[in-house]
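Keep in mind the model is a prediction, meaning the values are calculated, not measured. As a basis for the values below, the full set of heavy atoms in this structure was taken, side chains included, without hydrogen atoms, waters or symmetry mates.
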Amino acid sequence: MMLAGIDVGGFRPLMQLMRPAVHWPADQTALRHFGRPWFACEFKHDAIEAKNVHVTVRLQNEDPDATEVPRVYHIAYRRKSNADGLWRPFGSIISRSYETILVHENGDIQEIRPDRSSDRVEFKTFFGPSPAEFRVASIFDFSLDLDLYDDPDVRLQFDG
């Protein structure tokens, strides 16, 4: 059921960002609202080295203009077995100097307050039984490191 008007007005960019798409996220949305394209990093889940486990993703801010502003990272996956080629967004992480918030599509919201301000964001995501690709996107430049390890010190976690 579609709510009347949810895809109009101020909600339109959010709905475009959270809707499955072949070309996700759409650069025209970022260009229109932020004057720059999306920066994106991808990583693969081959379902051989790790399966049915959480892995750790570490993001490092690489944009000197983004040190004092909230940084938002949007995360999507694409199953290798699906012929549609759609990226399926499943959550976002909002990082500020005094807090980091994870928002999952299932309604889960997690918040941590780091001991100190950092340009680094760490979270865990689930690698299921089938191969998939993952994409992280932000309007700010960043780098990504994947660790096929369920780091117990990382408290933000997307559940499968």
Side-chain angles (χ1 to χ4, degrees), residues 1-3 6-7 11-30 37-63 66 70-96 99-115 118-160:
M1 181 171 132
M2 180 71 163
L3 297 175
I6 194 88
D7 199 29
F11 285 111
R12 177 173 281 150
L14 180 61
M15 296 310 294
Q16 290 171 342
L17 187 61
M18 297 311 294
R19 185 178 293 130
V22 172
H23 303 289
W24 180 92
D27 270 336
Q28 62 267 30
T29 301
W38 292 103
F39 294 92
C41 292
E42 295 179 12
F43 57 97
K44 295 184 186 306
H45 164 45
D46 61 14
I48 296 170
E49 291 184 56
K51 188 185 297 191
N52 296 322
V53 296
H54 282 93
V55 297
T56 305
V57 179
R58 302 175 203 284
L59 308 175
Q60 177 67 44
N61 176 39
E62 301 289 346
D63 191 331
R71 295 179 313 276
V72 181
Y73 303 94
H74 305 284
I75 302 102
Y77 73 97
R78 177 168 61 186
R79 289 186 193 101
K80 298 295 264 181
S81 60
N82 283 10
D84 62 16
L86 294 176
W87 287 101
R88 290 171 168 75
F90 64 89
S92 299
I93 294 183
I94 304 161
S95 175
R96 300 183 219 187
E99 70 182 345
T100 305
I101 303 168
L102 178 149
V103 181
H104 194 294
E105 70 171 351
N106 69 8
D108 185 25
I109 297 174
Q110 302 167 28
E111 179 181 346
I112 61 168
R113 299 201 181 268
D115 295 337
S118 174
D119 279 346
R120 187 175 177 118
V121 171
E122 300 176 323
F123 66 93
K124 295 187 279 190
T125 193
F126 191 71
F127 272 12
S130 304
E133 297 172 295
F134 290 79
R135 179 178 286 168
V136 180
S138 176
I139 62 165
F140 297 110
D141 192 13
F142 66 98
S143 60
L144 182 149
D145 289 314
L146 175 65
D147 190 352
L148 298 178
Y149 168 67
D150 187 350
D151 187 336
D153 294 330
V154 174
R155 296 178 291 167
L156 297 176
Q157 175 174 302
F158 289 103
D159 287 318

Here the gap from Ile101 atom CD1 to Ile112 atom CD1, rounded to the nearest 0.5 Å, amounts to 10.0 Å

Nearest-0.5 Å distance that lies between atom CD1 in Ile75 and atom CZ in Phe158: 4.0 Å

Any idea which heavy atoms bring Arg155 and Arg113 closest together, and the distance? NH2-O, 4.3 Å

Mark yes or no for whether Asn106, through its side chain, and Asp108, through its backbone, hold a donor-acceptor pair below 3.5 Å. yes

Could you tell me the separation between the CG atom of Asn52 and the CZ atom of Phe126, rounded to the nearest 0.5 Å? 4.5 Å

Contact summary for Phe140 and Asp63, nearest pair of heavy atoms: CD2-OD2, 3.4 Å

Counting N and O atoms only, with roles assigned by atom type, does the side chain of Gln110 sit under 3.5 Å from a partner on the main chain of Gln157, one being a donor and the other an acceptor? yes

Quick test of your reading of the model: are Glu42 and Lys44 salt-bridged, counting only N-O distances below 4.0 Å? no

Could you report the tightest heavy-atom contact between Arg96 and Pro70, atom names first, then the distance? CG-CB, 3.9 Å

To the nearest 0.5 Å, tell me how far Phe123 CZ sits from Ile93 CD1. 4.5 Å

Please check this pair: side chain of Ser95 against backbone of Val121, looking for a donor-acceptor N/O pair closer than 3.5 Å. no

Rounded to the nearest 0.5 Å, what separates atom CG in Asp159 from atom CZ in Phe90? 11.0 Å

Quick one: does Ser138's side chain have a donor or acceptor within less than 3.5 Å of a partner on Val72's backbone? yes

Please lay out, stage by stage, how Asp145 and Asp147 fare under the test side-chain contact (heavy atoms from CB on, under 4.5 Å). CA-CA 7 Å; Asp145 289 314; Asp147 190 352; over 6 Å; no

So which atom in Phe39 and which in Asp141 form the shortest heavy-atom distance, rounded to 0.1 Å? CD1-N, 3.4 Å

Rounded to the nearest 0.5 Å, what's the gap from CZ on Arg78 to CZ on Arg88? Could you check? 10.0 Å

Chi angles and distances behind the side-chain contact (heavy atoms from CB on, under 4.5 Å) call for Phe127, Leu146: CA-CA 12 Å; Phe127 272 12; Leu146 175 65; 4.2 Å; yes

For Trp24, is there any backbone N or O sitting under 3.5 Å from a side-chain donor or acceptor partner on Arg135? yes

Anything under 30° is parallel, anything over 60° is perpendicular, the rest tilted; go ahead and classify His74 against Trp38. perpendicular

Taking C-beta and beyond as the side chain, do Glu122 and Asp151 meet within less than 4.5 Å on heavy atoms? no

Which atom of Glu49 lies closest to which atom of Asp46, heavy atoms considered: N-OD1, 3.1 Å

Would a distance-only check, ignoring hydrogens and angles, find a side-chain to backbone donor-acceptor pair under 3.5 Å from Lys80 to Ser130? no

Parallel, tilted or perpendicular: which fits the ring planes of Phe134 and Phe43, with parallel below 30° and perpendicular above 60°? parallel

Check step by step if side-chain contact (heavy atoms from CB on, under 4.5 Å) holds for Asp150 and Val55. CA-CA 5 Å; Asp150 187 350; Val55 297; over 6 Å; no

How far apart are the closest heavy atoms of Ala137 and Pro25, and which atoms are they? CB-CG, 3.6 Å

